[in-house]
Amino acid sequence: MNDEAKKQLANIDSREEPLKPKDRIAIPTQEMPTQDPIERGKDFTEVATGYTAEQAQLESIRCLQCKTAPCIAGCPVGINIPGFLKAASEGNFEKSVQIIKESSLLPAICGRVCPQETQCQEPCTVGKALKDVEQAVSIGRVERYVADLERDNGIVTPAVKSKTGKKVAVIGSGPAGLVVAADVRREGHDVTILEAFHKPGGVMVYGIPEFRLPKAIVQTEIDTLIAMGVELKTDFVVGRTRKLKDLIEKDGYDAVFVATGAGLPRFMNIEGENLVGVFSANEYLTRANLMKAYDRENADTPIIQSRKVAVLGGGNVAMDSARTALRLGAEEVHIVYRRTEKEMPARVEEVHHAQEEGIVFHLLENAKSILGDDQGLVTGMECLRYELGAPDESGRRRPVVIEGSEFIMDVDTVIVAIGNDSNPLIKQTTPEIECNKWGNIIVDDTGKTSMDCVYAGGDIVLGAATVILAMGEGRRAAASINALLA
Amino acid sequence: MNRIIETTQLSDDVFKLIVDAPLIAEERKPGQFIILQIHDDGERIPLTIADGNSKKGTITLIFQAVGRSTHMLANFKVGDEIAHLLGPLGTPTHIEKFGHVVCVGGGIGVAPMHPIAQGMKVAGNKVTIIMGARNKELMVLEDEMRTIADDLIICTDDGSHGRKCLVTEPLKELCENDPKPDLAVAIGPPIMMKFCAETTRPYEVHTLVSLNTIMIDGTGMCGGCRVSVGGKTKFVCVDGPEFDGHKVDFDNMMLRLGAYKKREADDHHKCHIELGIDWTADKG
């Protein structure tokens with residue numbers, strides 16, 4: 001792949017006239033180099049190995065530099081995408097990453113986990129011209145390349161203004177929390193991150209597996225914050241170790257940012273769901289990722305040895321669970337989703353990777369009940385077939401059950417990956433904070449909650465969403481906190 | 001952080017630790033628990049808080065050495081630090097003046113019962129405490145419980161101390177009294193709690209049980225601790241750990257507790273089947 005990219009770059013360099021849009025469109029999309037699908041299914045190393053410099057440059061040259069920049073409108077945090085691609089197309093990767101960082105603090109992470117095909121790449125003119133969103137400029141892959149290069153060269157710790165004497169507590173160390181910590185700390189305020197788990201990173205370390213987002217990348221972001229003087233307290237669960245109100249009234253924090261995430265797994269409420277061998281995706285992934293259960297010899301935390309696994313759901317978490325189960329040695333892994341592939345909320349790339357690795361997709365099917373033996377162990381799953389009916393309120397065609405279509409699937413493990421509700425701890429222990437009927441904290445357009453000096457963002461506000469949206473929320477709240485403390 | 005101040009071996013495999021944990025000591029209430037890890041990648045172990053001293057900033061943990069991690073914890077010395085200690089977790093016990101409260105503690109379940117009995121006594125209740133163990137050697141916190149109880153009933157399986165019976169026997173007698181108790185609280189191995197709930201059910205004595213299930217985060221995130229209560233799925237970590245014993249599906253809970261038993265088997269004691277008490281359940 002790289003030799004071809006080198007050749008094309010040399011051709012472009014030797015041209016007398018500048019490239020016309022049609023020349024740019026004619027450059028083929030640079031495919032992401034990935035590990036062999038069969039080999040990679042045996043371990044947890046990262047699947048996509050990343051562009052080479054030449055590929056990143058060539059892919060950036062495909063950008064038409066549209067005046068209207070529809071890509072920017074597609075980005076939840078409004079990154080200057082033509083700007084960073086222009087710098088990359090000139091081989092100036094350092095400038096490129098700095099342009100991204102004006103708007104996004106976590107490019108190495110977003111380059112990997114953003115659903116680009118429904119955000120920046122969806123309206124891309126190149127993709128439109130080629131009538132294929134998969135042939136749009138691969139904005140995310142270039143973003144990842146320039147961010148990885150910066151990390152390899154050693155990230156320069158951002159400057160911090162002189163001490164203001166103000167204190168801010170950030171509850172949770174997922175994407176929203178990390179962004180607020182950085183933005184608020186830069187203004188010279190003291191920042192303490194309070195994390196309930198023993199390790200920081202939130203969903204990026206307990207949820208998203210190593211093969212999709214290496215933990216070292218998240219750790220680099222944390223290390224940068226620590227180098228900026230942010231204090232990190234792990235094993236600290238606000239609401240229990242300390243009431244939210246007490247952080248302000250007793251501990252003297254001038255502002256608090258709540259970013260506790262959407263961490264309460266939903267279940268199907270079907271018979272057999274509490275059998276041994278039925279897991280929430282959160283539990284399965286946390287055992288495997290955070291608690292390192294994949295290292296069966298050395299890990300203290302066990303994980304079940306599965307033979308045949310069914311994963312219920314069609315989102316990224318379902319793909320992550322299925323691919324994790326495969327890597328933990330399951331003989332067969334099935335994704336069971338009641339709509340079609342078109343309606344799947346997962347990133348296209350994750351679905352492709354899962355299919356390549358041999359995950360079996362059962363579309364228009366869903367679990368009716370889970371069957372077990374007298375030891376309470378899962379022995380199978382009763383399923384129903386569906387067909388698509390009229391569109392529902394989400395605009396997707398509603399799956400309608402086909403009566404009498406029951407059949408049994410032979411599985412010994414079921415992973416439920418149908419989403420999360422908001423974590424109830426803050427709400428339960430903070431009567432002062434207003435939440436909606438789903439338990440999400442209500443904020444105004446500055447990110448402020450019903451409590452003075454208390455802001456919130458990320459999934460605890462949005463419901464289960466994405467890293468980039470959480471980050472966008474965080475930036476907005478950080479600006480408000482900085483204004484409050486100015 | 002989390003330095004061990006005092007260690008005591010209470011019986012063959014039951015240990016008491018006093019740990020420096022000022023924040024937890026200040027906030028903790030009866031019925032709550034902590035999660036600890038003995039090293040950075042260690043298993044997350046939920047243990048109920050047996051006692052605490054907010055002035056000294058310490059909490060007391062009593063646990064049984066069952067699996068690999070609890071055996072290692074048993075070897076900790078004064079001055080050692082527990083790598084991670086999270087809490088207090090769970091919804092505190094609802095304590096008020098009910099009238100006559102019967103507290104039933106089985107085996108190591110007496111430890112989490114201690115602060116609850118204490119709270120009930122302070123709230124003005126008449127507190128009857130029933131303590132059960134396999135034998136005299138395995139009886140923990142007897143002196144502490146004696147200072148709280150209006151009546152203390154000791155039962156052992158082998159008759160080596162107190163009455164030779166299961167805890168359900170005196171519980172039944174109390175339920176037959178007029179007036180019957182206003183509330184029963186039972187904490188111990190799941191099978192004991194199940195039979196305590198069955199004992200009080202015909203007398204309609206409201207019975208609280210405190211569940212200690214498999215957990216990872218302890219904050220609502222994993223759902224590994226889920227139990228069926230009154231036909232609805234509840235999370236022990238955030239909805240509990242205390243539930244109405246008459247509504248808990250103990251059979252399902254016991255099956256779920258056994259999920260990783262094979263792995264633990266080497267370190268486990270044999271089941272105490274003939275006496276109906278499952279000592280292998282890790283009821284820290």
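First the proteins, then the strands, lettered A, B, ... as listed; each starts at 1. Excluded from the calculations below are hydrogen atoms, water molecules and symmetry mates; all remaining heavy atoms, backbone and side chain alike, are included.
The parts of Leu264(A) that come within reach of chain B are both its backbone and its side chain, each placing non-hydrogen atoms under 4.5 angstrom from that chain. When heavy atoms are compared at a cutoff of 4.5 Å, Arg28(B) does not approach chain A at all. Of the two parts of Leu285(A), neither the backbone nor the side chain holds a non-hydrogen atom closer than 4.5 Å to a non-hydrogen atom of chain B. Of the atoms belonging to Pro22(B), not a single heavy atom falls under 4.5 Å from chain A. When heavy atoms are compared at a cutoff of 4.5 Å, Asp374(A) approaches chain B solely by way of its backbone atoms N, CA, C and O. Contact annotation for Asn252(B): only side-chain heavy atoms (C-beta onward) come within less than 4.5 Å of a heavy atom of chain A. Of the atoms belonging to Ser69(B), it is side-chain heavy atoms, and not backbone ones, that fall under 4.5 Å from chain A. Using a 4.5 Å cut-off between heavy atoms, Phe236(A) contacts chain B through both its backbone and its side chain. Only the backbone of Leu85(B) comes within contact range of chain A, judged by heavy atoms closer than 4.5 Å. In this structure, no portion of Val416(A) lies under 4.5 Å from any heavy atom of chain B. Contact of Ile214(B) with chain A is made through the side chain alone, with heavy-atom distances under 4.5 Å.
Looking at Ser280(A), its side chain does come within 3.5 Å of a backbone N or O of Cys222(B) through a donor-acceptor pair.
Of the residues considered (Ile304(A), Asp246(A), Val276(A)), Val276(A) shows the highest number of contacts with chain B, using heavy-atom pairs under 4.5 Å. Chain A forms more heavy-atom pairs under 4.5 Å with one residue of Asp251(B), Asp249(B), Thr233(B) than with any other, namely Thr233(B). If you tally non-hydrogen atom pairs under 4.5 Å between each of Lys232(B), Met253(B), His39(B) and chain A, the highest count goes to His39(B). Per-residue heavy-atom pair counts under 4.5 Å with chain B were compared for Arg242(A), Lys199(A), Arg287(A), Lys243(A), and the maximum is reached by Arg287(A).
Counting heavy atoms of neighbouring residues, nucleotides and ligands inside a 6.0 Å radius, atom CD of Glu271(A) does not exceed 12 of them.
Taking every heavy atom of both residues into account, His84(B) and Asp235(A) meet most closely at ND1-OD2, 2.6 Å. The heavy-atom pair separating Val227(B) from Asn274(A) by the smallest distance is C-ND2, 4.2 Å. Gly87(B) approaches Thr241(A) most closely through the heavy-atom pair O-OG1, 2.9 Å. Across Phe235(B) and Pro265(A), no two heavy atoms sit closer than the pair CE2-CD, 3.8 Å. Residues Arg226(B) and Phe279(A) come closest through the heavy atom pair NH2-N, 4.4 Å. The two residues Ile216(B) and Glu283(A) have their closest heavy-atom pair at CD1-CG, 3.8 Å.
Distance check: His198(A) NE2 to Gln37(B) CD gives 4.0 Å after rounding to the nearest 0.5 Å. Atom CZ in Phe197(A) sits 6.0 Å away from atom OG1 in Thr219(B) (nearest 0.5 Å). Here the CG atom belonging to Asp300(A) is positioned 8.0 Å from the CD1 atom belonging to Ile45(B), to the nearest 0.5 angstrom. Interatomic distance, CZ of Arg44(B) versus CG of Leu290(A), reported as 7.0 Å (0.5 Å rounding). The distance from the CG atom of Leu377(A) to the CG atom of Leu255(B) is 8.0 Å, given to the nearest 0.5 Å. In this structure, Thr301(A) OG1 and Asp41(B) CG are separated by 8.5 Å, a value rounded to the nearest 0.5 Å.
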Query raised in the report: When you look at Arg240(A) and Ile34(B), which way does the side chain to side chain contact (heavy atoms under 4.5 Å, CB included) test go after all the steps?
Result: CA-CA 10 Å; Arg240(A) 293 277 184 231; Ile34(B) 54 95; over 6 Å; no
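Taking 4.5 Å as the limit, some side-chain heavy atom of Val237(A) sits within range of a side-chain heavy atom of Leu89(B).
A salt bridge is absent between Lys292(A) and Asp40(B); no separation between the charged side-chain nitrogens and carboxylate oxygens falls under 4.0 Å.
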